[in-house]
Amino acid sequence: MTDIDKPINFIQQVINADLEAGTVKKVITRFPPEPNGYLHIGHAKSICVNFGIAEQYDGACNLRFDDTNPAKEDEEYVHAIIEDVRWLWPQWQGDICYASNYFDQLYSWAQYLINEGKAYVCELNAVDMREYRGTLTEVGKNSPFRDRSASESLALLEQMKVGEIDEGRMTLRAKIDMASPNINMRDPVMYRIKKMAHQRTGDKWNIYPSYDFAHGQEDAIEAVSHSICTLEFAANRPLYEWFVANLPLPSTPHQYEFGRLNLNYTVTSKRKLKQLVDENHVEGWDDPRMPTISGLRRRGVSAHSIREFCDSLAVAKTDGVVDIAQFEHFIRDDLNNNACRAMCVINPVLVTLTNYSADKNEEFVVPGHPNRDDLGERSLPFSSQIYIDRNDFSEDTTLSRKKFKRLVIGDYVRLRSAYIIRADEVIRDASGEISEIIASIVPDTVGQDAPEGIKARGVIHWVSASKSADCTVKIYDRLFNKAAPDAGDENFLDNINPESLKVIEGCKVEVGLLDAQAGDHYQFEREGYFTRDSKSTRDSKGSELAFNCTIGLRDNWKA
RNA sequence: UGGGGCGUGGCCAAGUGGUUAAGGCACCGGGUUUUGAUCCCGGCAUCGGAGGUUCGAAUCCUCCCGCCCCAGCCA
């Protein structure tokens, strides 16, 4: 939006030309999800394209529910979609529209086409209709009902509408060309019978319009100037244009197609995502491993980073697969700039500082962010007993300083924002595991360089043993093991990563995080970015403090 | 196979006859650093193939190869 240097894409070129030629006065787009599932990262790109263009050209973008198939749709999805759109694009003030609001208008346009001799009620069943349609290489043949009178079709359509005809017995079809090389033009279905209540129109209708008979007209009603959809609809464009050309519409919208977003290691198909939910492979649509907007939100991915990522994507006609690393880059980039720092010891081991008085307590005031003064400061209580991570300690004194920049027995390490300490000895429990590390501080090293002769191997994070909070940490890995989980004849369920969720209890976090809220972003130093989980269903003790790992820090060091 | 669309480095992608073929991600070196993070510096392609047009082509033409979409009363 603010990138002046960013080259304009082919849709913007079209819009510029339309504006210049005066064929378009106001740019109106729409984001038209079917409420049959939750929105995912692929929809995010479409949202950014449509809302972004509307904003850029000072136009408008409607959120329009394409609710033409009550068999698959549900009100739950409508609410979830609205919530996700508002979260992703908070400044949006546009209209919420529904295809179902236009059902009456659509019906009278169907009658119009019948009267024009351009539509007819067909009594071919599904099997016969397929037979008559022909194949990719053979033309179809005309339905025996194609030439029935307008008055007869009109009467039949009314009977279909009021429920006097059984499902599957009849359809309303457009009379176009059964020999068209484009199969979509071989007398496509405009209305089919579904004796089913609709979540918004109740049982008023027993017939529902098809996507093709609805979409262009919806656009025309809303004065959409540029109807932007994905590549797979390109073959439907001639049909879209046919309805626009043959109906007395209030405006003449045009359809443009761009490549949808595909990400490796992820599946973005509402059908498959729904299957993951329905078969309990994940906890729900908002499971933090899901590529859904709600899952990403719960995971701790910011709306800003999603927008930045989508903005980095090309709006073009190529359909490629974007590397998940590109998305992760934008997630880290935003969190690095905006997340407050904190310390959390995920795998704690007790450290007792023998030369630090047991009743002494210090508070170190440290910045919330290394280079963002506006993010304030926080206070770190220090005491004679602290926790560090087991992985940050080793008894192997042969480890080189370059290879292991942490605490080694007999050697020094810097406690982040605090003292340099030396590990002196270890205490083991009955099983032989280290239960405690005995260490000592090097005095006067807080905020000071190490004295002559002492060199810390590195910097590690820690937390006061007495003044810290217990928490659970959930670490996520990619949901699928394969870059293309659903490629070819692969069953994507076979490629689910069995270790995609790791729940670690008994972690120790600085006390300040006791009132962290879901949606607050933190960087647990040397670990990664975290946010409080909005639902801690896996916790053993009810409303325990639990954090989701949004993403780990980049890790360039090779062991 | 009929129709539609697409092929620029490992990935995404600018480029619209004259540029040393942008940029980002990833990766590989090096520097800074009280986060093995961040940050900084450097490295990393002749454009699906073959012909042709032209003084000059990733950009124009021809043929070939590959990939995607369409045969739901789904969207």
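Lettering of chains follows the sequences in order, A, B, ..., and the numbering in each one begins at 1.
One can place CD of A:Q217 at 15 Å from C1' of B:A75, the figure rounded to the nearest angstrom. When the P atom of B:G72 is taken as reference, atom CD of A:E131 falls 12 Å away, rounded to whole Å. Atom pair A:N371:CG and B:C39:P shows a separation of 10 Å (rounding to whole Å applied). Atom OH in A:Y208 sits roughly 17 Å away from atom C1' in B:A75 (whole-Å rounding). For the pair A:E308 CD and B:C25 P, the interatomic distance rounds to 13 Å; values are reported in whole Å. As rounded to whole Å, 7 Å separates atom C1' of B:G72 from atom CZ of A:R133. Put simply, CZ on A:R341 is 11 Å from P on B:U38, counting in whole angstrom units. One can place CZ of A:R554 at 14 Å from C1' of B:U35, the figure rounded to the nearest angstrom.
The stretch residues 186-194 of chain A comes close to RNA chain B through A:V189, A:R192, A:K194, each having a heavy atom under 4.0 Å from the strand.
For A:C340, the side chain to side chain contact (heavy atoms under 4.5 Å, CB included) test picks out A:L375, A:Y522, with sequence neighbours left out. Taking A:E138 as the reference, A:T135 meet the side chain to side chain donor-acceptor pair (under 3.5 Å) condition, with sequence neighbours excluded.
When all heavy atoms are compared, the tightest approach of A:K405 to A:V413 is O-CG2, 4.5 Å. The two atoms that bring A:F309 and A:L261 nearest to each other are CE2-CD2, 3.9 Å, heavy atoms only.
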Report each atom pair, protein N/O against N/O of nucleotides 1-8 of chain B, whose distance is under 3.5 angstrom.
residue : atom : partner : partner atom : Å
B:G2    : N9   : A:L136  : O            : 3.2
B:G2    : N2   : A:P181  : O            : 3.3
B:G2    : N3   : A:L136  : O            : 3.3

Please write out the pairs of protein N or O atoms and N or O atoms of nucleotides 57-59 of chain B separated by less than 3.5 Å, giving the distance to one decimal.
none

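For B:G7, the base is anti relative to its sugar; the glycosidic angle deviates from 0 by more than 90°.
Looking at which nucleotide of RNA chain B each of A:D333 and A:E232 is closest to, the 5′-most match is held by A:D333.
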Given the rule that a pair is Watson-Crick or G-U wobble with both distances under 3.5 Å, how would you write RNA chain B in dot-bracket, using | for pairs to a different strand?
.(((((((.[[[..)..(....]]].(((((.......)))))....[[[[[..)....]]]]])))))).....
